[in-house]
There are 2 protein chains.
Amino acid sequence: MATHHKGPVKEIRALDCYIKLIRAADSAMAKVCRRLADVRLTGTQFGTLEALYHLGPLSIGQIAAKLLKSGGNLTMVLDNLEKRGLIARERSTEDRRSIKIHLTSEGHQLMQHIFPHTAQFIAEQMEHLTPNEQDRLGALCRKLGKAISET
Amino acid sequence: MATHHKGPVKEIRALDCYIKLIRAADSAMAKVCRRLADVRLTGTQFGTLEALYHLGPLSIGQIAAKLLKSGGNLTMVLDNLEKRGLIARERSTEDRRSIKIHLTSEGHQLMQHIFPHTAQFIAEQMEHLTPNEQDRLGALCRKLGKAISET
DNA sequence: CTCTAATAGTTTAACATCGAATCTTTTGCA
DNA sequence: TGCAAAAGATTCGATGTTAAACTATTAGAG
């Protein structure tokens with residue numbers, strides 16, 4: 001996009017950066033998802049299980065906020081995980097509007113089994129950059145992501 | 001994810017970087033897509049039109065490669081753009097397997113109208129980073145994306 | 001030349017994704 | 001206290017997305 005667009009230099013630089021950011025994230029994500037397909041999990045399913053694995057039971061809204069997804073989306077993803085017996089829904093007693101999601105023992109076992117491999121696989125992908133480069137990339141992404149989501 | 005995972009320091013750094021990259025790209029993309037919804041375009045629809053606008057007629061395979069999407073996906077996206085009369089399919093005469101996609105005059109007019117605003121909007125989002133930071137982010141993303149997609 | 005392998009697109013099934021509408025429960029305030 | 005507004009979740013409709021199976025066409029080896 002950027003390279004074919006005639007416009008102010010500032011704009012070209014920004015578009016160029018945008019395109020590279022989206023593409024890099026896309027490539028990384030796609031690679032990880034392909035690996036997760038071996039255990040019949042999608043990226044969002046893994047993200048959901050991972051949140052529950054490391055943070056304990058969460059409400060649907062909390063999971064949606066963590067993964068930056070809509071509530072309607074989470075309903076569907078949780079349905080699919082529930083069908084496979086990896087998570088369970090439980091209506092909250094204090095606030096009956098809310099639903100607590102927790103891992104079943106199968107869900108927990110699955111994560112215990114696959115999380116280390118997945119984490120290592122992701123790390124391998126990122127190690128195409130040096131540790132120092134990773135720190136810089138992380139910092140820039142953090143700054144940008146924060147600024148965009150706050151405005 | 002990274003912050004709750006106990007593991008080698010190298011792995012934590014890599015996971016942390018990965019998460020920030022995905023989130024930043026997600027936030028940026030989501031913001032742009034919300035803006036495009038004003039003209040009833042999705043992100044991929046805009047990407048397709050933009051490629052045709054700046055590069056001229058392309059085959060479906062070429063568009064898919066450019067956008068990093070599957071062929072099946074493009075079939076659907078092009079169907080929707082065709083329904084709206086923004087693009088047209090034309091069977092190639094030299095190679096009858098191939099189909100050339102080109103913008104209709106409406107499609108061209110639409111892009112003429114909306115591309116400058118969209119480009120400016122994207123630039124505004126990226127300008128949460130200084131020009132120098134944009135260059136560095138772009139370079140790191142380029143290096144990472146290239147390395148990942150080549151292995 | 002002819003058959004086979006490769007290539008370009010489409011179709012299909014399963015899942016993801018959003019936004020808007022809806023339903024239930026809770027909360028705030030008059 | 002009673003009711004309107006807000007909040008949590010689901011449903012619905014449209015679109016995106018992939019991988020795998022399938023169709024049509026072309027190209028290449030023998």
Side-chain angles (χ1 to χ4, degrees), chain A residues 22-23 25-27 29-49 57-84 86-101, chain B residues 22-23 25-27 29-49 57-84 86-101:
Chain A
I22 302 294
R23 278 170 173 273
D26 247 34
S27 300
M29 179 75 109
K31 196 124 187 177
V32 173
C33 288
R34 249 173 287 139
R35 167 60 60 104
L36 285 170
D38 293 347
V39 286
R40 293 191 306 136
L41 285 180
T42 67
T44 306
Q45 287 176 349
F46 178 79
T48 301
L49 296 177
L58 296 171
S59 76
I60 297 184
Q62 288 175 315
I63 299 174
K66 236 166 230 322
L67 304 184
L68 306 178
K69 306 291 176 187
S70 70
N73 185 5
L74 257 288
T75 294
M76 151 86 30
V77 172
L78 291 170
D79 283 350
N80 289 326
L81 289 173
E82 199 173 24
K83 273 183 218 153
R84 271 181 70 182
L86 298 176
I87 61 105
R89 285 170 159 97
E90 192 178 351
R91 192 123 232 155
S92 169
T93 46
E94 321 93 60
D95 186 342
R96 297 181 42 69
R97 287 171 303 184
S98 179
I99 294 185
K100 269 280 182 291
I101 308 295
Chain B
I22 302 294
R23 279 170 172 271
D26 247 33
S27 300
M29 180 74 111
K31 195 123 188 178
V32 173
C33 287
R34 250 172 288 142
R35 166 62 58 106
L36 286 170
D38 294 347
V39 287
R40 295 190 306 136
L41 286 180
T42 66
T44 306
Q45 286 176 350
F46 179 79
T48 301
L49 296 177
L58 296 171
S59 75
I60 298 184
Q62 286 174 316
I63 300 174
K66 238 164 229 323
L67 304 183
L68 306 178
K69 305 290 176 187
S70 70
N73 184 4
L74 258 287
T75 293
M76 150 90 26
V77 172
L78 290 170
D79 283 349
N80 289 325
L81 289 173
E82 199 172 25
K83 274 183 216 152
R84 272 182 69 183
L86 299 175
I87 61 106
R89 285 171 158 97
E90 193 177 350
R91 194 122 233 156
S92 170
T93 46
E94 321 92 62
D95 186 341
R96 296 181 44 70
R97 287 170 303 182
S98 179
I99 293 184
K100 269 280 182 290
I101 307 295

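Please read these numbers as outputs of a predicted model, since none were measured by experiment. Every chain is numbered from 1, with letters handed out A, B, ... down the list of sequences.
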Roughly, in whole Å, what's the span from CE in B/M29 to C1' in D/dT15? 14 Å

For a quick check of understanding: with a heavy-atom distance under 4.0 Å over all strands, which category does B/I101 fall into, base, sugar-phosphate or nothing? nothing

Whole angstrom value for the distance that separates C1' of C/dC15 from CG of A/L41: 12 Å

Given atom CD of B/Q45 and atom C1' of C/dC18, what is their separation to the nearest angstrom? 13 Å

Is the number of heavy atoms from other residues, nucleotides or ligands within 6.0 Å of CZ (A/R91) greater than 12? yes

Phosphate contact (D/dA9 OP1 or OP2) by A/S98 side-chain N/O below 4.0 Å: yes

Suppose we call a contact any N or O donor and acceptor under 3.5 Å apart; does that hold for the side chain of A/R96 and the base of C/dT25? no

note: B/D79, atom CG; C/dG9, atom C1'; distance rounded to Å ~ 11 Å

DNA chain D: A/R34 or A/L78, which has the more 5' nearest nucleotide? A/L78

Under 4.0 Å from OP1 or OP2 of C/dG9: is there any side-chain N or O of B/S59 that close? yes

Looking for any heavy atom pair under 4.0 Å, which part of the strands does B/L68 touch: base, sugar-phosphate only, or nothing? sugar-phosphate

Distance below 4.0 Å between A/T44 side-chain N/O and C/dT17 OP1 or OP2: yes

From the options D/dT17, D/dA9, C/dT17, select the nucleotide whose nearest atom is closest to the side chain of B/K69. D/dT17

B/I87 versus B/L78, closest heavy-atom pair with distance: CD1-O, 3.7 Å

On the nucleotide C/dC18, are OP1 or OP2 found under 4.0 Å from the side-chain N or O atoms that A/N73 carries? yes

Given DNA chain C, 5'-ward residue of the pair A/G72 and A/R97, judged by closest heavy atom: A/G72

When you look at B/D79 and B/R89, which way does the salt bridge (Lys or Arg N to Asp or Glu O under 4.0 Å) test go after all the steps? CA-CA 9 Å; B/D79 283 349; B/R89 285 171 158 97; 3.1 Å; yes

For a quick check of understanding: with a heavy-atom distance under 4.0 Å over all strands, which category does A/R40 fall into, base, sugar-phosphate or nothing? nothing

Whole angstrom is fine here: how far is it from CD in B/E82 over to P in C/dT10? 9 Å

Figure out the CD1/P separation between A/I87 and D/dA9, and round it to whole Å. 12 Å

For atom CE of A/M76 and atom C1' of C/dA14, their distance in whole Å: 10 Å

Does a side-chain N or O of A/T75 approach OP1 or OP2 of D/dT11 to a distance below 4.0 Å, or not? no

Round to the nearest Å and state the distance from B/L74 atom CG to C/dG9 atom P. 9 Å

Please determine whether a side-chain nitrogen or oxygen atom of A/T42 lies at a distance below 4.0 Å from atom OP1 or OP2 of C/dA16. yes

State whether B/N80 places a side-chain N or O below 4.0 Å from either non-bridging phosphate oxygen (OP1 or OP2) of D/dA14. no

Using a 4.0 Å heavy-atom cut-off across all strands, classify A/G61 as base, sugar-phosphate, or nothing. sugar-phosphate

At their closest point, which heavy atom of B/R84 faces which heavy atom of B/V39, and how far apart are they? NH2-O, 3.4 Å

For C/dG9, does OP1 or OP2 lie under 4.0 Å from any side-chain N or O of B/R91? no

For residues B/G43 and B/L36, report the shortest heavy-atom separation together with the two atoms involved. CA-CD1, 4.1 Å

Taking all heavy atoms of B/S98 and all of B/S59, pick out the closest pair and write down the distance. OG-CB, 3.9 Å

So, is A/Q62 close to the D/dG8 phosphate, meaning a side-chain N or O under 4.0 Å from OP1 or OP2? no

The nucleotide from D/dT26, C/dT25, C/dA16 with an atom nearest the side chain of A/V77 is C/dA16

